[in-house]
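One structure is given here, and the rest of the page talks about it.
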Amino acid sequence: MTVKGTVFKYGNDVDTDVIIPARYLNTSSETELASHCMEDIDKEFVKKVKPGDIIVAGDNFGCGSSREHAPIAIKASGVSLVIANSFARIFYRNSINIGLPILECPEAVRAISAGDTVSCDLAKGEIVDETTGETFQAEPFPAFIQNIIDKGGLIKSIASRS
């Protein structure tokens, strides 16, 4: 699967409380969660994000609470991929479980700027900054995890087997 979009760039330690503030956790509506995604760190995010866009961030993205609401809000907002130096362990697993593609690639994070157009072949882990022409290599997921993401998450993956 290949994704392509405009980059929103953030720093280190973006926690789940700024990805989706706790005051909105009284809903399980993906649309409602998406409408508040990133609002405590970037008021313009929900106004500007388009389907396919990409988040690029520093270390420890998704730290904080273990809420699945954070990757759900990101995915429901239209983001097709998160690239970071590193992810909080629970966010990493929750992202796979709900089918949100994520990649760790510090070289790409250092070089890619907000507003750049980036494409990525998820199966190969190849990231291309189409604005600058630079190419980066991330470690792609093994086939069984890529299958979970391709199917839209763990539950959908299991359901497709029957």
Side-chain angles (χ1 to χ4, degrees), residues 1-20 25 28-31 33-34 37-38 41 45 49-112 114 116-130 134-162:
M1 179 164 75
T2 301
V3 297
K4 180 178 177 179
T6 302
V7 168
F8 289 83
K9 190 162 184 181
Y10 302 102
N12 296 330
D13 302 312
V14 174
D15 68 45
T16 55
D17 286 326
V18 298
I19 295 170
I20 185 65
L25 297 181
S28 59
S29 164
E30 292 180 9
T31 304
L33 292 170
C37 187
M38 308 302 277
I41 193 172
F45 178 81
V49 69
K50 296 178 298 307
D53 284 348
I54 295 169
I55 290 177
V56 174
D59 298 327
N60 203 26
F61 187 85
C63 59
S65 77
S66 61
R67 65 182 70 141
E68 254 185 354
H69 295 74
I72 290 170
I74 291 170
K75 184 178 177 185
S77 73
V79 169
S80 64
L81 171 65
V82 180
I83 303 167
N85 287 340
S86 63
F87 293 92
R89 182 178 50 88
I90 295 173
F91 182 90
Y92 186 93
R93 188 62 209 174
N94 283 340
S95 295
I96 293 167
N97 287 346
I98 64 105
L100 174 66
I102 57 174
L103 290 173
E104 292 181 341
C105 189
E107 298 80 17
V109 171
R110 280 193 295 277
I112 294 171
D116 285 1
T117 299
V118 168
S119 62
C120 180
D121 181 325
L122 295 171
K124 295 178 182 175
E126 184 179 82
I127 301 165
V128 178
D129 184 334
E130 296 188 2
E134 291 181 86
T135 300
F136 310 94
Q137 186 62 52
E139 183 69 33
F141 282 118
F144 78 97
I145 293 178
Q146 190 61 51
N147 182 58
I148 292 170
I149 292 169
D150 290 347
K151 299 283 187 197
L154 184 60
I155 301 298
K156 291 177 182 176
S157 171
I158 292 168
S160 73
R161 293 184 203 167
S162 48

Nearest non-hydrogen partners of Val14 and Ile41, listed with the distance:
CG2-CD1, 4.1 Å
Any donor-acceptor pair under 3.5 Å from Asp13 side chain to Cys63 backbone:
no
Run the side chain to side chain contact (heavy atoms under 4.5 Å, CB included) check on Met38 and Tyr10 step by step: do they pass?
CA-CA 10 Å; Met38 308 302 277; Tyr10 302 102; 3.5 Å; yes
Mind checking the CD1-CZ spacing from Ile19 to Phe45? Nearest 0.5 Å is all I need.
10.0 Å
For residues 68-92, the side-chain hydrogen bond (donor to acceptor under 3.5 Å, both in side chains) pairs (sequence neighbours left out) are Asp59-Asn85
Drop me the distance from Ile149's CD1 to Phe141's CZ, to the nearest 0.5 angstrom.
4.5 Å
Salt bridge or not between Asp17 and Arg67? Use side-chain N to carboxylate O under 4.0 Å.
yes
Note, Pro101 side chain near Val3 side chain (heavy atom, < 4.5 Å):
no
What pair of heavy atoms forms the shortest contact from Cys105 to Ile127, and how long is it?
CB-CD1, 3.9 Å
Nearest 0.5 Å, what's the OG-CG distance between Ser160 and Asp150?
10.5 Å
Euclidean distance, Asn147 CG relative to Lys156 NZ, rounded to 0.5 Å:
13.5 Å
Note: Arg110 and Lys9 closest approach over all heavy atoms is O-NZ, 4.1 Å
Enter the distance from Leu33:CG to Ile72:CD1 here, rounded to the nearest 0.5 Å.
7.0 Å
Considering all heavy atoms, the nearest Ser66-Asn94 contact:
O-ND2, 3.0 Å
Strictly by side-chain hydrogen bond (donor to acceptor under 3.5 Å, both in side chains), give each pair with a member in residues 95-109 just once, sequence neighbours left out.
Arg93-Asn97
Between atom CD1 of Ile20 and atom CD1 of Ile74, what is the distance when rounded to the nearest 0.5 Å?
9.5 Å
Throw together a table of side-chain donor-acceptor distances under 3.5 angstrom for residues 49-57, partners on residues two or more places apart or in other chains.
| unit_1 | atom_1 | unit_2 | atom_2 | d |
| --- | --- | --- | --- | --- |
| Asp53 | OD1 | Thr6 | N | 3.0 |
| Asp53 | OD2 | Lys50 | N | 2.8 |

Taking the side chain as everything from C-beta on, heavy atoms only, tell me whether Ile112 gets closer than 4.5 Å to Phe136.
yes
Could you walk me through whether Leu122 and Leu103 satisfy the side chain to side chain contact (heavy atoms under 4.5 Å, CB included) test, starting with their C-alpha distance in whole Å, then the side-chain angles of each, then the deciding distance to 0.1 Å, before giving a yes or no?
CA-CA 8 Å; Leu122 295 171; Leu103 290 173; 4.2 Å; yes
State whether the side chain of Gln137 and the backbone N or O of Lys124 hold a donor-acceptor pair below 3.5 Å, judged by distance alone.
yes
